[in-house]
There are 2 protein chains.
Amino acid sequence: MRAAADPDVSKDLPDFDLARFLPYRVTVVGEHLSAGLARRYRAEFGISVAEWRVLVHLADAGTVSIRDLERRVHLEKSKASRAASRLAREGYVTKVPDLSDRRLVCLSLSDRGRSLMADLLPLAAAYQARLEAVVGNSLRDLEAALDRLMQEDL
Amino acid sequence: MRAAADPDVSKDLPDFDLARFLPYRVTVVGEHLSAGLARRYRAEFGISVAEWRVLVHLADAGTVSIRDLERRVHLEKSKASRAASRLAREGYVTKVPDLSDRRLVCLSLSDRGRSLMADLLPLAAAYQARLEAVVGNSLRDLEAALDRLMQEDL
DNA sequence: AGGAAATCGTTGCACTTGAGACGATGACAC
DNA sequence: GTGTCATCGTCTCAAGTGCAACGATTTCCT
């Protein structure tokens with residue numbers, strides 16, 4: 001017979017339900033939501049998610065540096081740098097050195113980029129509206145919960 | 001003077017707040033939550049997020065195939081295949097052909113893998129408990145909202 | 001039985017990613 | 001000024017990724 005407490009490896013592991021594990025669950029939903037819109041702007045304009053974030057921030061902040069992107073839209077600096085370079089190469093953004101601090105770059109939308117965003121932003125707004133309809137009247141709670149989770153230092 | 005309606009590119013773009021855009025927001029929170037725990041098991045055991053998901057599923061399903069992983073824990077099959085291979089190489093899982101259908105592989109935890117999970121699962125359970133405490137009594141609403149967003153075909 | 005079609009896991013390929021090193025620039029103390 | 005330190009953006013390198021193609025198997029249909 002075996003002892004009741006068995007420290008060796010043949011012992012049963014504690015139950016664990018990945019489907020209820022918040023890091024997993026939130027990540028999967030995030031990928032699902034992002035992919036839904038990204039599929040469209042990737043097929044139509046060849047834009048990646050990182051490039052989309054850069055464009056959105058440019059559309060509402062005007063002129064930004066790589067470091068601003070890093071802090072405001074959660075892109076690591078190498079990722080932000082490469083996304084900005086691609087967008088500049090495609091002609092969607094202009095990239096010039098900042099004259100008052102020549103370590104920085106000034107990124108801003110070109111005419112072509114503004115024209116792109118004139119197409120993209122209404123699409124995204126409609127998508128957001130659709131998601132909010134799905135969530136319904138618990139949107140406030142959802143946002144509050146996400147905020148609290150985000151503030152938590154883990 | 002300029003006409004009121006101006007179709008050219010110099011027109012202002014619609015306002016758009018990325019910080020309230022659900023795909024962005026949910027994704028960022030998901031990364032934040034995942035990174036909080038992943039940092040620990042990566043530093044301590046050299047395990048990636050994909051490998052973690054494989055291990056968890058093995059811990060509670062016993063024996064699974066690559067295809068099961070693909071469907072149950074949202075890993076593309078090449079990602080699942082490589083994660084399983086790495087874990088097999090490290091000795092955490094055993095990988096043998098399925099005798100009743102030789103297209104499939106049978107993955108299961110080795111003794112070493114079970115021992116690893118005996119350390120990891122309590123850690124994850126504590127982490128989950130901490131997150132649930134942060135969310136508080138709106139946990140039900142949060143889960144329901146995530147479910148509804150997940151079911152939506154986008 | 002026998003051939004077409006579907007399924008499974010792996011791999012080759014081109015691309016992306018994260019982490020750190022690096023040169024260039026600026027801020028600060030003395 | 002001058003030296004030290006911090007900051008910014010890019011680049012390099014190894015590792016990871018998505019996708020499609022592939023061989024091996026099984027299933028289905030007749």
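Proteins come first, then strands; the chains are lettered A, B, ... in the order of their sequence lines, and each starts at number 1. In what follows, every heavy atom counts, from backbone to side chain, and hydrogens, waters and symmetry copies are set aside. A quick note: this is a predicted structure, and the numbers were derived from the prediction, not measured.
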Worksheet item: Has B:Lys95 got a side-chain N or O lying under 4.0 Å from the OP1 or OP2 atom of C:dT10?
Response: yes
Discussion item. For the OG atom of A:Ser48 and the CG atom of A:Leu87, what is their distance to the nearest 0.5 Å?
Written reply: 7.5 Å
Worksheet item: With a 4.0 Å cut-off on heavy atoms, is A:Ser48 in touch with a base, just the backbone sugar-phosphate, or nothing at all?
Response: nothing
Item to complete: Go through the N and O atoms of the side chain of A:Arg102 and the base of C:dT25, and report whether any donor-acceptor pair is under 3.5 Å.
Response: no
Worksheet entry | Position toward the 5' end of DNA chain D (nearest nucleotide), B:Glu76 or B:Leu99 | B:Glu76
Worksheet item: Separation of B:Ile66 atom CD1 from C:dT11 atom P, in whole Å?
Response: 11 Å
Practice prompt. Go through D:dG9, D:dG18, C:dT17 for me and flag the one nearest to the B:Lys79 side chain.
Written response: D:dG18
Worksheet item: Taking atom P of D:dG16 as reference, at what distance in whole Å does atom CZ of B:Arg42 sit?
Response: 11 Å
Practice prompt. Mind calculating the distance between CZ (B:Arg103) and P (D:dG23) to the nearest angstrom?
Written response: 17 Å
Worksheet item: Would you say C:dG9 has OP1 or OP2 under 4.0 Å from some side-chain N or O of B:Lys77?
Response: no
Fill in: Within one Ile-Leu-Val-Met-Phe-Trp-Tyr cluster: B:Leu75 and B:Val93, side-chain cutoff 4.5 Å
yes
Worksheet item: Nearest-Å distance, CZ (B:Arg71) to P (C:dT7)?
Response: 8 Å
Fill in: Contact under 4.0 Å: B:Ser81 side-chain N or O vs C:dT11 OP1/OP2
no
Worksheet item: Between A:Leu104 (CG) and D:dA6 (P), how many Å, whole number?
Response: 18 Å
Worksheet item: C:dT7 P sits how many Å from B:Asp101 CG, rounded?
Response: 12 Å
Worksheet entry | Euclidean distance, atom CD of residue A:Glu70 to atom P of C:dG18 [Å, nearest integer] | 12 Å
Worksheet item: OP1 or OP2 of C:dG26 sitting under 4.0 Å from any side-chain N/O of A:Arg67?
Response: no
Response to the item:
Which of A:Val26, A:Leu22, A:Val28 passes side-chain contact (heavy atoms from CB on, under 4.5 Å) with A:Tyr24? Answer is A:Val28
Item to complete: Examine the side chains of B:Ser110 and B:Thr94 and answer whether a donor and an acceptor come within less than 3.5 Å of each other.
Response: no
Item to complete: Please report, rounded to the nearest Å, how far the P atom of C:dC8 is from the CG atom of B:Leu69.
Response: 13 Å
Item to complete: Please state whether the base of C:dG18 and the side chain of A:Arg82 form at least one donor-acceptor pair under 3.5 Å?
Response: yes
Discussion item. Can you confirm whether more than 12 heavy atoms, excluding those of A:Arg72, are under 6.0 Å from its CZ atom?
Written reply: no
Discussion item. Check the phosphate of C:dT17 against A:Ser78, side-chain N and O only, distance under 4.0 Å to OP1 or OP2. Yes or no?
Written reply: no
